Amino acid sequence: MQQAIAILDSGVGGLTVVKEVMRQLPQEKIIYFGDTARAPYGPRQPEEVKLFTTQIVDYLMRFSPKMIVIACNTATAVALDDIRKRVSIPVLGVIGPGARAAIKATRSGTIGIIGTVGTIRSGAYERALKSIAPGTTVYSHACPQLVPIVESGHFEGPATLQIVKDSLQELRNKPIDCLVLGCTHYPFLSEQIRKVMGKKVLLISSADETASEISTVLNHRRYLAKNDETPVHRFFCSGEPALFKKITTNWLKEQIQDTPVVWQVPNFR
Ligand code: DGL
C-alpha cells in the first residue's frame, strides 16, 4: 500500500521514532508533524494535549495515511484511546512498546522511568509495566528541563550535561538496571544520560519496539509498501521552520540522503 505512515509529536522528539522506522522499513513513505509552535506538551493539562493531538490527527487525515503513530509519550498517555475511536485506521502509541522493551531488558525487575510531567503524572508507564509483569518495582521521575534543551538544538556542551545531571539526581542512587527514556525527545541526549547513569544502567528507548510493532501491524493487514518506488517524505512543523529543518536533517542524515523530502508549515488551526 503506497499511502504514508503519519507520525506526530509536540516537536522534534518523534524523529527518534522516524529514524527507526526509516531503518526498519525504508520503503515506507512518512508524513511527520512536529507541533513546535506549541511544544512542550509536558507541562500542559491533559485536556489541552488531547485537543492539540486531535487537531493534528484531523489535519494529517487529509493525506489519507494508512496508519497514525503518536510518537509522543505525553500525548499517548492522554489521547491514544480517543484517537483510536476517532479514526478507522490503526493508531499506535509509544508507551506500550516502551514498557515491553523494558520488561524484555530488565534482569532485576527494578526499572526507572523518566518522562515529562504529564507522562509521569498520568502513571501510564507504571500501569503498562505492571500489567505485563506485576512484580515490577518502578521508580518514576519527571525531567521538565530536557525537552526545551532538545527543541533548542543544544544537545552538547557542559551546560547541557549539568542539566542532565541535575535532572537525573534523584534516580542515580536507585537500584535500577534499566532506565526507560519515556519521552521521545530524550534519545537526542542519550550520550549525556549514559554518562550520568553509568554503564550498568541500560537505556531503553521505545523507538525500536514501536518500529517493529508498526511493521507487524502493516504486515498483518497487508499494508506494507512495495519496494519498487523511492518514497517521498513530508515534514511539517507548526513553528519556526529553519531550526526544525536543521535538527531534522542532522538527525536523519543517513536516512534521507537519497530520498526526496518536502518541507511545509501548515495552516491547520
Ligand atoms: N516528545 C514528547 C513525549 O514523548 C513530548 C515532550 C513535550 O512536548 O513536553 O512526551
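Predicted model only: the values in this text are computed from it and were never measured. These values consider heavy atoms only, across backbone and side chains, with no hydrogens, waters or symmetry-generated copies. Both ligands and their constituent atoms are indexed starting at 1 by order of listing.
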- Output the distance between atom OG1 (Thr119) and atom CD (Glu126), rounded to the nearest 0.5 Å. 13.0 Å
- Electrostatic pair Glu254:Lys19 at N-O distance under 4.0 angstrom: no
- Query: Would a line drawn from the ring center of Tyr41 to the ring center of Phe52 be shorter than 6.0 Å?
  - Reply: yes
- Item | Numbering as shown, the atoms of ligand 1 that approach Asp9 to under 4.0 Å (heavy-atom distance) | 1 (N), 2 (C), 5 (C)
- Query: If you measure from the Lys or Arg side-chain nitrogens to the Asp or Glu carboxylate oxygens, is any gap between Arg100 and Glu213 under 4.0 Å?
  - Reply: yes
- Note on the structure: the protein heavy atom lying closest to atom 7 (C) of ligand 1 turns out to be Tyr41 N, 3.2 Å
- Task: Under 4.0 Å, heavy atoms only, figure out whether ligand 1 is touched by the backbone of Thr184, its side chain, both or neither.
- Result: both
- Message: Closer than 4.0 Å to some heavy atom of Ser10 - which atoms of ligand 1 meet that?
- Response: 5 (C), 6 (C), 7 (C), 8 (O)
- Are Glu191 and Arg194 ion-paired here, with the side-chain N under 4.0 Å from a carboxylate O? no
- For His185, the ligand 1 atoms whose distance to one of its heavy atoms is below 4.0 Å: 1 (N), 2 (C), 6 (C)
- Query: Do any nitrogen or oxygen atoms of Ala39 come within less than 3.5 Å of a nitrogen or oxygen of ligand 1?
  - Reply: no
- Applying side-chain hydrogen bond (donor to acceptor under 3.5 Å, both in side chains) between Arg86 and each of Asp58, Thr53, Thr54, report the one that passes. Asp58
- atom 10 (O) of ligand 1: nearest protein contact (heavy atom, Å): Thr74 OG1, 2.6 Å
- What atoms of ligand 1 come closer than 4.0 angstrom to any heavy atom of Gly42? 7 (C), 8 (O), 9 (O)
- Between Val147 and ligand 1, which residue portion shows a heavy-atom distance shorter than 4.0 Å: side chain, backbone, both, or neither? side chain
- Query: Looking at the rings of Phe63 and Phe236, which for Trp means the six-membered one, are their centres under 6.0 Å apart?
  - Reply: yes
- In plain terms, say whether Lys245 and Glu240 are close enough for a salt bridge, that is, a side-chain N and a carboxylate O under 4.0 Å apart. no
- Message: Are any of the N/O atoms on Thr116, whether in the backbone or the side chain, positioned under 3.5 angstrom from an N/O atom of ligand 1?
- Response: no
- Task: Can you pull out the closest protein heavy atom to atom 3 (C) of ligand 1? Residue, atom name and distance to 0.1 Å, please.
- Result: Asn73 N, 3.2 Å
